[in-house]
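Below you'll find the structure, written out as C-alpha cells, and then a few comments.
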Amino acid sequence: MSEYNFLEIEKKWQSYWTENHTFKSSIDKDKEKYYVLEMFPYPSGRIHMGHVRNYTIGDVVARYRMSAGFNVLHPIGFDAFGQPAENAAIKHDTDPKEWTEKCIGWMVKELKHMGFSYDWDRELSTHRDEYYRWNQWIFIKMMEQGLAYKKGCPVNWCPSCQTTLANEEVVNGECWRCQTEVIQKELEQWYLKITEFKDVLLEDLETLKYWPERVRTMQKNWIGKSFGVEIYFKEAETEKNLPVFTTRQDTIFGATYMVVAPEYPQLKEMIKGKPEEAQVLKFIEQVSRKSKIVRVSADVKKEGVFTGTYAINPVNNEKIPIWTADYVLMDYGTGAIMAVPTHDQRDFLFAKEHNLPMRVVIKNSDAGITNADELNEAYEEDGVQVNSAQFDGLTNTEAKEKIADWMEQEKIGQRQVFFRLKDWLISRQRYWGTPIPMIYCDKCGVVPVPEKDLPVKLPEKIDITGEGGSPLAKVKEFVEVACPVCAQPARRETDTMATFIDSSWYFLRFCSPRYDKGVFDQEEVNYWMTVDQYIGGIEHAVLHLLYSRFFTKFLNSIGLVDMKEPFQKLLTQGMVLKDGEVMSKSKGNIVDPDEIIQKYGADSLRLRILFAAPPEAEIDWQNKDMDGAWRFLNRVWTLVLSFHELKTSGMEIKELGFEKKLLFKLHTAIKKVTEEMSGGFKFNTAISTMMELVNEISPALRTAQEKNAMNEVLEQAVTALVIMISPITPHMCEELWQVMGNKGTILKAAWPIYDSKYLEQDELTIVVQVNSKVRSKIIVPADIAEDALKEKVLADEKIKNWVQDKPVKKFIVIPKKLVNLIM
RNA sequence: GGGCGAGUGGUGGAAUGGCAUACACGAUGGACUUAAAAUCCAUUGGCUUAACGGCCGUAAGGGUUCGAAUCCCUUCUCGCCCACCA
C-alpha cells in the first residue's frame with residue numbers, strides 16, 4: 001500500500017485544478033448562487049497564520065457549497081495601495097509598484113500552496129489603473145451628488161506618516177498604523193459625506209441579523225446617535241446666543257454655571273477688556289499645548305478658569321457664570337455645556353474644586369437627598385423632579401419630554417438628534433494611492449477630471465522621500481495640466497485617496513473584474529451580490545465594514561446596484577497568537593506557513609487550524625500540535641486504502657454485525673458536519689465528529705478484513721467520510737476519490753444526506769438518578785412505556801440498594817434520557 | 001467611567017437546563033523491534049478505599065429548580081470595544 005505522500009499529492013491536485021479551471025465561475029441561473037468572500041490581503045509578500053486561518057475557513061465554506069450544488073463565486077485579490085509599500089520602497093530604494101508586484105507574486109504562490117479554491121481568473125489588485133480608475137469615477141459621481149467636498153478645518157495629522165488620518169484611523173489619540181501621537185492641523189482637505197447616510201447606516205444594522213452582535217454594537221456606538229435638546233442660553237451683557245446641547249434637559253433647573261471649550265470661537269471676544277482676559281488667554285494657550293491624550297486621560301484633574309462673563313438660563317432667567325475648561329470639547333455638541341454639578345460627575349468634581357454653587361433637581365425617592373451639601377457624588381440615576389418649577393413631582397423621564405415640549409413652545413430650545421459620526425476625511429499626502437481626480441484652475445475653480453480622461457494615472461518611478469508634503473506635488477509633468485473647461489494652465493490635486501476607499505467596493509468589482517465599460521457590469525453584480533458569507537478579522541468592525549456599507553448605499557442611491565447592504569452574513573475569526581502574543585517580526589515569533597506545508601502538507605495545516613478552536617476564538621499556535629492532525633490524516637489514508645484493497649480483492653458480501661451501530665454513527669456525523677459547514681461553522685466539533693466516525697469505521701473494517709468480507713454499509717461510511725472531509729483536506733480526498741475508482745474531481749460527488757431513520761436507536765441508555773445523583777444506568781427498548789420503565793428502574797440492583805423500602809415521593813421521567821427518583 | 005464577552009483536567013477544547021471533561025494534544029505503562037521511530041493497546045480531574053464503591057469538583061459566594069458549567073444576583077480576574085460624548 002502506498003504511503004501518504006502529501007507533497008506529491010498536493011502538487012498534483014493543485015495543477016489539476018488549475019488546468020481544468022475547476023473553480024471558474026460564471027452566471028448560471030439554473031443554480032442557486034453563493035458568493036463567499038474573505039477580506040482580501042495586503043500584499044506584504046508572505047502569508048501569515050492569520051491568513052491561513054481566514055482563508056481556510058472561507059475555502060471550506062466555498063468547497064462545501066460547491067459540493068452541495070451551488071454556483072459558487074470565490075474570488076481573491078490584493079489591497080495593494082498603502083503606506084507599507086511606500087515605506088518599504090524608501091527603505092530598499094526601489095519603486096513601490098515593483099515592490100508590490102513582487103510581493104503579490106510571492107503571495108499568489110503561497111496561497112496556491114494552500115490549495116484554496118479561488119477563481120484566479122478574477123484576481124484583481126487595487127494598484128492597477130484598471131481598478132483605481134473606478135475609485136476616481138466613483139469619487140466624481142459622489143462629487144456630482146454633493147457627497148465629496150473640500151473644506152478647511154482642523155484635521156488629524158500623523159507627524160511620522162506625514163499625512164492626515166480619518167477619525168476612524170485614530171486610536172486612543174494615536175495613529176492606528178505607527179502609534180505616533182496624532183496632532184491637530186488646520187488643512188484644506190477632501191471629505192466624503194458619509195453622514196448623509198447616517199440614519200440608514202444605523203437603521204439597517206437591524207437587518208444584519210447574521211452579523212455578530214458585537215460588530216453591530218460597535219458600529220452603533222461609532223455612529224453614536226443621541227437624542228437631546230439644544231437650549232438657547234444667552235450671554236448676559238450682549239444677549240448673543242450661546243446654545244448648548246444636552247441629553248439631560250430634565251436637569252436644566254440645576255444648571256449653576258456654563259462651560260465653554262477653550263477653542264470656543266467666540267470666547268476671545270467675550271473676554272475682551274475684562275479683568276480676567278489675561279488669565280483666560282494664558283489658559284487657552286496652556287491647553288493648546290497639551291496633547292489630546294493627556295487632555296482626555298481620566299486621572300488628570302480638570303482645569304479651568306472663570307471668564308468674567310455670565311450667561312442667562314432661559315428657563316428661569318438666572319444669571320450664571322461662564323467658565324472655560326479643558327474637559328469641554330469643541331468637536332462634540334456646540335462646544336459649550338450647561339454644567340449641572342449635582343447630576344453630572346465631571347461637573348460635580350469641577351464645581352467642588354472651584355467652589356461653584358450646586359442645586360439638586362432630581363431626587364432618588366421621597367427620602368432622597370435634596371440638599372446639595374449632602375452629596376458625595378453626582379446623582380446620575382433616574383428619580384423625581386424637585387426645584388424645577390412647574391415640573392416638580394414628575395419623574396425625570398416624564399419631565400424630559402415635557403420640558404422639551406415646553407422649551408419648543410417657548411422657543412427657548414429645540415429638540416435635536418446628534419450624531420457622533422463625522423464626515424470621512426480621505427485626502428492623504430502620500431504617493432502610493434489613487435490620485436484624486438481634481439484640477440484647480442484660477443479661473444474655473446475646482447474642476448473634476450472629465451470621465452473620458454480617466455484614469456488619472458499615478459506617475460511611476462518618481463522620487464519618494466517620505467518627508468513632508470505630497471510626493472506628487474514635486475512631479476511637474478503630473479501637476480501641470482490644462483483646465484478641462486477653459487484650457488488655461490491649471491494644477492492637479494496632488495493628494496491621493498485613503499486606501500480604505502479601494503476596499504469599500506472591491507466585492508462589487510469581483511463580479512466582473514475585467515469589465516472596462518463601467519465600474520462594474522450591473523447584470524453580473526445583481527446576479528452575484530450580496531456577498532452571502534463574508535469572513536475576516538474583527539479589527540475591521542468599524543473601519544472597512546462601515547465604509548463598505550456607505551459605498552453600497554451610495555451606489556444604491558444612484559441606481560447602480562439593487563442591494564442596500566453588501567454583506568449578508570459576517571464571520572469574524574479570532575487571531576492566531578504565539579505564546580499569547582501577536583506574531584510580529586520585531587518579536588521574532590513568526591510562524592511561517594510554508595515551512596509547515598513542507599513538513600506536514602497543506603491539508604494537515606488546514607485541518608489543524610480549524611480543529612484548534614471555534615473560528616471566533618483566539619488560537620495560541622504551537623507547531624507541535626501539527627502531529628495530531630498529521631496522524632489523523634494518515635489514519636484516514638490507510639483506512640481508505642485498506643478498504644479499497646479489500647473491496648477489490650474479491651471478497652464476499654454479507655452482514656458483519658456492526659452495521660446498525662455504524663449507520664447510526666455515520667448519519668449522526670453527516671447531520672453534524674452538514675450543519676456546521678452550511679452555517680454553524682464550528683469546524684472543530686465537525687472534525688471531532690469525523691474523528692469519532694473514523695474510530696467507528698476502523699474496527700468495523702478490521703472485522704471485515706478478518707472475515708474477508710464486506711458490505712454496502714461499510715462502503716457508504718468510507719465514501720461519505722472522504723466526501724465530508726474533502727472541503728477541509730481537499731488534496732488528500734481528491735487522491736483518495738480517484739484511488740477509489742472515480743473520475744474527475746470529488747467536488748462533483750453528491751454531498752451525503754442524512755436519513756433520520758438511522759438516528760433512531762432500538763435501545764437507549766437511561767440515566768437513573770436517586771435524589772438527583774446518578775446512581776445507575778439501564779438499557780431499555782426505545783419505545784418503552786412509562787410504567788414499564790418505572791418497573792425496570794425499581795428492579796435495578798443498584799437502585800434497589802438506594803431505595804430499599806423507603807417511599808418514592810416523586811418519579812421524574814425525561815423521555816429517552818433520564819429518570820430521577822425523589823425520596 | 002460605560003458597553004460587550006469570557007473564566008471547565010497538565011494543554012487546546014466539548015457539553016447552553018438532564019451522565020461534566022466528547023474529540024484531540026501531552027504524559028505513563030504495555031505490545032511489536034537487536035534498538036529507535038512509526039504503529040497498535042491500556043490508563044490518565046482530585047480526595048478516599050484492599051476492592052466494590054463513596055465524597056468533592058466547571059473563578060468565589062448566594063439564589064431559582066427534582067436537577068445548574070449552562071438561568072438569576074453579588075464579587076473577583078482576564079480580554080475586547082467605546083470614552084471628559086454633555
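- Separating the CD1 atom of A/I609 from the C1' atom of B/rC25 is a distance of 16 Å, rounded to the nearest angstrom.
- Note: CZ (A/F611) to P (B/rA14) measures 10 Å, nearest angstrom.
- Summarising the geometry, the separation between NZ on A/K198 and P on B/rC85 is reported as 22 Å, rounded to the nearest angstrom.
- Defined by atom type and a distance below 3.5 Å, a donor-acceptor pair is missing between the side-chain atoms of A/N221 and A/R216.
- Under 4.0 angstrom from either OP1 or OP2 of B/rU39 there lies at least one side-chain N or O belonging to A/R631.
- Side-chain N/O atoms of A/R775 include one lying less than 4.0 angstrom from OP1 or OP2 on B/rG54.
- When each of A/E213 and A/T765 is assigned the nucleotide of RNA chain B with its nearest heavy atom, A/E213 is the one assigned upstream, toward the 5' end.
- Below the 3.5 angstrom threshold, one finds no donor paired with an acceptor across the side chain of A/N221 and the base of B/rC82.
- As rounded to whole Å, 14 Å separates atom C1' of B/rC82 from atom CG of A/L543.
- Between A/K682 and B/rC23 there is no side-chain polar atom (N or O) within less than 4.0 angstrom of OP1 or OP2.
- Summarising the geometry, atom CZ belonging to A/R420 is positioned 8.5 Å from atom OH belonging to A/Y332; distances are rounded to the nearest 0.5 Å.
- Straight-line distance from the NZ atom of A/K578 to the P atom of B/rG12: 14 Å, rounded to whole Å.
- In textbook terms, a nucleotide whose glycosidic angle is within 90° of 0 is syn, and B/rG9 is one such case.
- Distance CZ (A/R214) to P (B/rG5): 10 Å, rounded to an integer number of Å.
- Side-chain to base pairing of A/K810 with B/rC66: no donor and acceptor N or O lie closer than 3.5 Å to each other.
- Annotation: of the two residues near RNA chain B, A/D620 and A/A629, the 5′-most nearest-nucleotide partner is A/D620.
- Between the side chains of A/T685 and A/K672, at least one donor N or O lies within less than 3.5 Å of an accepting N or O.
- The closest side-chain donor-acceptor pair between A/N156 and A/N167 falls under 3.5 angstrom.
- Within a 6.0 Å radius of CG in A/N376, no more than 12 heavy atoms belonging to other residues, nucleotides or ligands are found.
- An OP1 or OP2 oxygen of B/rA24 is reached within less than 4.0 angstrom by no side-chain nitrogen or oxygen of A/R608.
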